[in-house]
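Proteins come first, then strands; the chains are lettered A, B, ... in the order of their sequence lines, and each starts at number 1.
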Amino acid sequence: MLYFTDGIYSSVTGMARTYIADLHQHVGKEVQLHGWLYNKRSSGKIRFLLLRDGTGVVQCVVVKANVPEQVFAVTDTLTQESAFSVRGTVRADSRAPGGFELDVTDIPKVYQVAAEYPITPKEHGVEFLADRRHLWLRSARQHAVLRVRHRIIKAIRDFFDGRGFTLVDSPILTPAACEGTSTLFETDYFDLGKAFLTQSGQLYAEAGAMAMGKVYCFGPTFRAEKSKTRRHLTEFWMVEPEVAFNDLNDDMELAEEFLEYIVQSVLKDCAGELSVLERNTALLQNVKKPLPRISYDEAVEILHRKGQPFEWGNDLGGTDETVISEQFDRPVMVHRYPAEVKAFYMKRDPQNPKVALAVDVLAPEGYGEIIGGSQREDDLDVLLARLKEHNLPQEAFEWYLDLRRFGSVPHSGFGLGVERTVGWICGLDHVRETIPFPRMIYRITP
RNA sequence: UCCGCGAUAGCUCAAUGGUAGAGCAUGCGGCUGUUAACCGCAGGGUUGUAGGUUCGAGUCCUACUCGCGGAGCCA
């Protein structure tokens, strides 16, 4: 990848700016880099400055005999995270982790000498780092996670955009609970009463699908549940495709192609990042369609065979999901859940009205549910009955019911949780590292 | 809301109920190839808060606060 070694000039020296990731193109030439001091080592008359610029880290070697006295003196004033620019000659060196070093000729500008930096090269606890998330983002590990996250989001957009989907954004402020189940964040909304932060864009995506055929919405989602686990955030990102005339099987096919596309894109473009994260990619290589499909009934059989206490009719818990996913070498799709544990809008299976035409995709290695989807109930009268059963106010859903009054068709869709997907692909032990500024029940800063 | 674990130097952690310690970071000094560099010296503490037991509490007891993990709920 090229990082714009283009016409951007330093106002200080009039010399083109070069990025560390592009150094391989400049071996033997003089370049000027701009960045921050990542770490420093010294040995008498030689200084090793580790410079990071967002694209990588390079060791800059300052030899006392080779630079003016004041340049050498400047190196002793630079503290960790001080910002400066450095000029020198690029040299390939097998000892360097990145393969290249810079033989420094000048330090033309020191932007700022940083105050004592709290995050040292040694280990820190999670609370300490979380309090300084805005600085923690500068570390190599966090760079890798954020780059993978970026690549995943790009893959999501490329996948749908390349298949004729239209992005139809759903609102974040909504008048009522979408599904009536979760606890939502509430706020005053002028003279119109209460408003809630959305827990899902799905109902609006259905309206989009009836208008445009194939749509997806992609935005932040909010849950006020007091969930306190490594898989939960109060604010997270979800992408929700919705397709008119798709049944449950079409939905599962879309989901497996989608997951394959995301994972293979990351494997292809983020090998360096996954290496920094020490991620074993063997299982990720397996993520290709077809993904195994089992019914909820078969999932219950697996649990019983593995000695897991479980009663038909319950939803799968975190441990149950892990036990099931351990039986497979790639994500597994579990379909046809008991209708009673699922949302009101899911269509029941005509073959067995006790189950809903729903599907959850469970990621391997205990990362849990990354996709939840279903075929939607498209019959007006059935939907009206479901609203009553769930004690939901019909008037709040009139617009949604209109979708069944004016050209109702079978349709289906699903939602993918971005943070869980990032956590799974990166092999992280907590979703709080998958988003730049995580929001959890006991943390809203920084 | 429930269950479990934890809180000691800026950070990560030690310390049988008997004088509060180390590594890193910081400051000073040394070293021309260091890779979380190394070597020497120095500064740095109301042991989360409030009570209690004891001749004596970082250590034992009670309550509280905050955090972490899990359950429930969910992506």
Exercise. Please step through ring-ring contact (aromatic ring centres under 6.0 Å, His included) for the pair Phe84(A) and Trp36(A), ending with a clear verdict.
Key: CA-CA 6 Å; Phe84(A) 63 103; Trp36(A) 299 263; 9.7 Å; no
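- Residue Phe236(A) and nucleotide A75(B) are classified as a stacked aromatic pair, their ring centres being separated by less than 5.5 Å at an interplanar angle below 30°.
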Exercise. Show the numbers, then the answer: is there a side-chain contact (heavy atoms from CB on, under 4.5 Å) between Leu392(A) and Phe344(A)?
Key: CA-CA 9 Å; Leu392(A) 294 169; Phe344(A) 76 93; 3.6 Å; yes
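- Regarding Phe414(A), its CZ atom lies at a distance of 13 Å from the C1' atom of A75(B), rounded to whole Å.
- No salt bridge links Arg147(A) with Asp269(A); every basic N to acidic carboxylate O contact stays at or beyond 4.0 Å.
- As rounded to whole Å, 13 Å separates atom C1' of C74(B) from atom CG of Leu362(A).
- Base-pair partner of U26(B): A42(B) (Watson-Crick or G-U wobble, both distances under 3.5 Å).
- Closest approach to the Arg230(A) side chain among A75(B), G33(B), G70(B) is made by G70(B) (side chain taken as heavy atoms from C-beta onward).
- Lys289(A) has no carboxylate O lying under 4.0 Å from a charged side-chain N of Glu253(A), or vice versa, which leaves the two without a salt bridge.
- Counting to the nearest Å, the C1' atom of U26(B) and the CG atom of Leu37(A) are 15 Å from each other.
- If you take CZ of Arg231(A) and P of G69(B), they are 12 Å apart, rounded to a whole angstrom.
- One can place CZ of Phe128(A) at 16 Å from C1' of A7(B), the figure rounded to the nearest angstrom.
- Mapping Gly368(A) and Thr120(A) onto RNA chain B by nearest heavy atom places Thr120(A) at the nucleotide closer to the 5' end.
- Atom-to-atom, CD of Gln202(A) to C1' of C74(B) comes out at 14 Å; the value is rounded to the nearest Å.
- One can find a donor-acceptor pair under 3.5 Å joining the base of C74(B) and the side-chain atoms of His232(A).
- The shortest distance between side-chain heavy atoms of Glu433(A) and Arg141(A) falls below 4.5 Å.
- Taking only side-chain atoms of Asn39(A), from C-beta outward, the nucleotide of A36(B), C11(B), C73(B) with the closest atom is A36(B).
- Following rounding to the nearest Å, Glu321(A) (CD) and A75(B) (C1') show an atom-to-atom distance of 10 Å.
- Comparing Thr234(A) and Arg432(A), the nucleotide of RNA chain B nearest to each residue sits closer to the 5' end for Arg432(A).
- Atoms CG (Leu129(A)) and C1' (U12(B)) sit 11 Å apart, rounded to a whole Å.
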